[in-house]
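Please read the structure below before turning to the comments.
Naming: A, B, ... by sequence-line order, numbering from 1 per chain. Reckoned from all heavy atoms, side chains included, excluding hydrogens, waters and symmetry mates.
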2 protein chains.
Amino acid sequence: MNQSGPAGQHTVRRHNSALVLNTIATADGLSRASVAARTGLTKATVSSLVDRMITAGLVVDGGPEHRVGRGRRGTALSLSPTGPHGLGVEIGVDTLSCALVDLTGRVRVSWTLEVEPRGRTVEEGLSQVADLVGLAQAEAARLGVSVGGVGVAVPGLVESSTGLLRSAPNLGWRDVPLHTELRARTGVTDRPLLVGNEANLAGLAELWFGGREDRRDFVHVSGEIGIGAGLVVSGELFPGVRGFGGEIGHLSVDPAGPPCSCGGRGCLERLAGRAAVLAAAGVPAEPEGGGGDGMADLLGRLRDHDAAALTAVTDAGRWLGIAMADVINLVDIPTVVLGGTYARLEPWLRSTLLAELDRRVVSSGWAPIAVEPSVLGSRAAVQGAAGWVVRGILDDPEPFLVGPPT
Amino acid sequence: MNQSGPAGQHTVRRHNSALVLNTIATADGLSRASVAARTGLTKATVSSLVDRMITAGLVVDGGPEHRVGRGRRGTALSLSPTGPHGLGVEIGVDTLSCALVDLTGRVRVSWTLEVEPRGRTVEEGLSQVADLVGLAQAEAARLGVSVGGVGVAVPGLVESSTGLLRSAPNLGWRDVPLHTELRARTGVTDRPLLVGNEANLAGLAELWFGGREDRRDFVHVSGEIGIGAGLVVSGELFPGVRGFGGEIGHLSVDPAGPPCSCGGRGCLERLAGRAAVLAAAGVPAEPEGGGGDGMADLLGRLRDHDAAALTAVTDAGRWLGIAMADVINLVDIPTVVLGGTYARLEPWLRSTLLAELDRRVVSSGWAPIAVEPSVLGSRAAVQGAAGWVVRGILDDPEPFLVGPPT
DNA sequence: GCGTACAAATTCAGTCATCAAACTATTTGG
DNA sequence: CCAAATAGTTTGATGACTGAATTTGTACGC
C-alpha cells in the first residue's frame, strides 16, 4: 500500500490537473480537444481544468491551431513562459552557478561565479549562496516572473528527509543543515526549497532536458571531481531510502587495488576518476587553485594518438565497465549515459566499456546495453536543480490554482 | 508524472477501499471507528466501505471488542479466513513446492514434491506445475475457499512485462514463456497469474511474513544454489526496469579471481556460493542427484570449530560484504537480511561481513548498517509467491467488491 | 455566395463518493 | 437512573466528473 492518506474529490482534481498539465508540457500546442483525447478525460473536464490553469498563469491560450480539413480550429495551449520559474543553484568545488528556468525548461538567465576552491568555510559558502539567490530573485522580479521554488545541487550526500548535507569531501563540509540554513538565509519560506545530490540532479536534467523523452530508464554517470551517478527508472529518480543512492564513486572494482581515501581499496574513483586518468596519461598535475585545464590537455593527446593517454582512457573504460555491470545487474537498467567529463571521453572509452558490459551483465545476451554520451554540458546539475522545482509544479499544480471567485 | 490515466470517483473508492482494507490487515480487530481515526476517513465512509467488504467476504465482523471505560463497544473487524486465497508455487531445482495462503498470510496447506533435479525438460516441468496447481485448486475447493490468483517463483530471470523466463541456468531452461504456458495449462485465465524471481519473492516474504513491519527497507540475500537478492525499498520490491534486478550472484567482487560460468571473473557466486564455501571447507562434494546434505555437514564442522570450515565461512562473509557494500552504496539501504543458506551461517559470517560494510559503505559513519538473519525458512519463496497474490487483493480489492444490489 | 458537414468548446443536468452533522444504540460512572 | 462517552447509521450537502445537447467557428461543395 502506498501509505498515503484518504482520497476525496480534491484528490481527483489534483491528479487530473497534473495529468492535463503534463500532457500540455510534453506536447506543446495541443488543443483542449486533443488533450481530452490523449488523457481520456472529457472535453468538459479538460476545459474546466485548463481554465483554472490559464487564470493561474501556468498555461497560455495561443492563437488558433493550423490544421487542414474542415471543422473549427482548436486553440493551441502552451505552458506559460511567464509562469513561475525554477531557481537552480549548484554549489561546486570551485564554482557557484545559478539558473532561472521557465516552465518549458528553457534557461532564461544563468550565472557562474568562480570562487576560491576548497578552504571555504561553511559560513562563507552559505552566505555566497544566499547572495546569489537574492541576485536571481531580483532578476526574476525585473523579468516580471515569480520564483516557484529553489533547488540546490551539492557534490555530497544529502539526507532527503531532512535536507541535511551529511558529507561533501570535495568541499570539506560535514553535517551542514543546508535546508534549514538556506531557508533562513534566503528568506524562501513559503515556496519549496529542495536540496539534492549533484550527480542525481544531473541525471534528472538529462531526463528532462536531454531530448530523450523516449528513454525513461538509464544510469547517468557524472564524472567531475568525484564520480557519481543518477539512477533514473520509469522516468523517476531512484534516490535510495535516505537519498544517498547512486554513490558509485566508491564501488570496489578491484579489492586488491590501491587504497582510497574512503578507507576501501580499488574504488572506482581511485582508478577511473579524473585525477587518476590524468595521472596515468602523464598529464601534468592540475594546480590546486584551478587554472590548468588537464582535461583539454588530455583530449589533445588523445586526438594525437598518444599511447599513454589512450591506454589511460581505455583502462578507465574497463573499470567503469566493471562498475556499470554491477549497477546493471543490480537494478536492471538498459542504458548508460556518460555525463560530465566522461561525455567528452566517450569515443575512447566506449569500446572497452561495452566489452566489459557484454561480458559481465547477466541479461546482456538478449537485452543489449546502450551507451550514450550526455548532450548536456557542465550546466547539467544546475538545470536539474531548477528543473526539479519546475517538475514539482507540473506534477502538482494544485497549490498554484487558487479557487475561482465564481 | 505517474503516467496513469484519468481519475474519477471510482478511483477514490478504489484508493480508499485499499486503505481501509490494509488498515484492517495491519491491525487485526479494529473497530470501524478506529479505522476511521487511523485513516482520516469519516466514520460514515468507513462503514460504507467495510459493508461492501463484508458482503464480498473479504472481511468478517467479529464479536464486540473488549475494552474498559465507558461507551458502546465497537465490533472487531478482521480479514476473513475464508476469503480468497493466494496460491503460490515454487519451481526449484530439485523440488516443486506449493502453498495456499489466506488473506491474513497464514499458510493453510503446503506441499513439497521432490523431483528429478535438472535434466527435466521444460515440457515435463510445466506439466508437473500444472498438475500441482490442479491439486491445490481441488484442495481449495474442498476447504470451501476460492483461489484469488496464482504466483509462481522461479530461480531465473523473468521479464516482468511479459512473464517470459529468459534464463534459468540452474534449471537449464531458456526463453520459456511461463506466463502464457501456465495460463493455458492451468486454466487460470480470469484471475491474476504472476511469475517472478525466486530471490525477489523471498525478499517480499520476509517483508510481509517476517514479522518486521517496522523494517520497510532492506536487501534480502538468498543463497540457495545460486545467489540472488530482493531489494525492498519503502515496503515495495524494487525489481528494476524489466524485472531482472537484484542479480547479485554475478557482481564482480574480485576482477582477478577465478573465472565463472557466466564469462566474468571473480563473481560473488563463484567465491561465496554454496558450492564454493563447501569446497573451501573441505566438505565432500554433494552428489548431483541430491541426497547428501553438505550444509548440515558444514554446520557440524563449524560447531566443532573446524579451522578450514571457519576460514571458508569468514572468507565468504568478506566477499559477501564487498558485494553488499556495493549494493548499499548504490541503492542506499540500511539493512541486510541474510536468507536461505546464509541465515544459518549468519553467526559465523557476521563479523567479517560487518567489517567490510563498515569499511566500504560511504554512509556507514553516521548510518550504521544492520545485519540480521531471516526468520523464514526454505519456504520463503513459495510464501512470497502466494503472498504476492494476497497483496494484490489487499492493495486493490475493488474487483472483488461487486456493486451492491441496492 | 450560401448552405451543409464537421470539429472545438461550452453549458447543463445527472451521478456518485465523500463529508458534516444529526441521530440512534450501547455502556459506564456517579 | 441519568449524564457522559463512544460506536455506528442516516441524511442532506458538496464537489468533480460524465454525457448529451448546444453554441461557435471553419471549410468544402454546389
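Legend: residues meeting side-chain hydrogen bond (donor to acceptor under 3.5 Å, both in side chains) with T104(B), ordered by chain and number and at least two apart, are D102(B). Contacts of D396(B) classified as side chain to side chain contact (heavy atoms under 4.5 Å, CB included), with partners at least two apart in sequence or in another chain: R14(B), E398(B), P399(B). The salt bridge (Lys or Arg N to Asp or Glu O under 4.0 Å) check on R191(B) picks up nothing, with sequence neighbours excluded. Remark: S78(B) pairs with D28(B) by the side-chain hydrogen bond (donor to acceptor under 3.5 Å, both in side chains) rule, at least two apart or across chains. Among residues two or more places apart in sequence or in another chain, the side chain to side chain contact (heavy atoms under 4.5 Å, CB included) test is passed with L207(B) by L204(B), F218(B), V232(B). Remark: R13(B) engages no residue in a salt bridge (Lys or Arg N to Asp or Glu O under 4.0 Å) (not counting sequence neighbours). For A27(A), the side chain to side chain contact (heavy atoms under 4.5 Å, CB included) partners two or more places apart in sequence, or in a different chain, are L30(A), R38(A). Under the rule for a side chain to side chain contact (heavy atoms under 4.5 Å, CB included), the partners of T75(A) that lie at least two apart in sequence or sit in another chain are R32(A), D61(A). Under the side-chain hydrogen bond (donor to acceptor under 3.5 Å, both in side chains) criterion, S34(A) pairs with S31(A), sequence neighbours left out.
Heavy-atom contacts of chain B under 4.0 Å fall on DNA chain D between two terminal nucleotides, which in 5' to 3' order are dA4(D) to dC17(D).
Between Q9(B) atom CD and dC19(C) atom C1' there is a gap of 14 Å when expressed in whole angstrom units. The interatomic distance linking L30(A) (CG) with dA8(C) (C1') rounds to 14 Å, in whole Å. Regarding H66(B), its NE2 atom lies at a distance of 14 Å from the C1' atom of dT27(C), rounded to whole Å. In this entry the distance linking NE2 of H15(B) with P of dT18(C) reads 10 Å, nearest Å. The CD1-C1' distance, from I54(A) to dA9(C), rounds to 12 Å in whole Å. Between the C1' atom of dA9(C) and the CG atom of L49(A) lies a distance of 14 Å, rounded to the nearest Å. When the C1' atom of dT10(C) is taken as reference, atom CG of D61(A) falls 14 Å away, rounded to whole Å.
Look at N16(B) and you won't find any side-chain N or O under 4.0 angstrom from OP1 or OP2 of dA17(C).
Only R70(B), G71(B), R72(B), R73(B), G74(B), T75(B), listed by number, bring a heavy atom of residues 68-80 of chain B to less than 4.0 angstrom from any atom of DNA chain D. Shown for residues 35-44 of chain B: residues whose heavy atoms fall under 4.0 angstrom of DNA chain C, namely L41(B), T42(B), A44(B).
In terms of modelled atom types and a separation under 3.5 Å, the side chain of S234(B) and the main chain of E236(B) share no donor-acceptor contact. Using modelled atom types, one side-chain atom of T186(A) and one backbone atom of V188(A) make a donor-acceptor pair closer than 3.5 Å.
Using a 4.0 Å heavy-atom criterion, one finds that S31(B) contacts the sugar-phosphate atoms exclusively.
Two residues, H10(B) and R67(B), neighbour DNA chain C, and the one matched to the more 5' nucleotide by heavy-atom proximity is H10(B).
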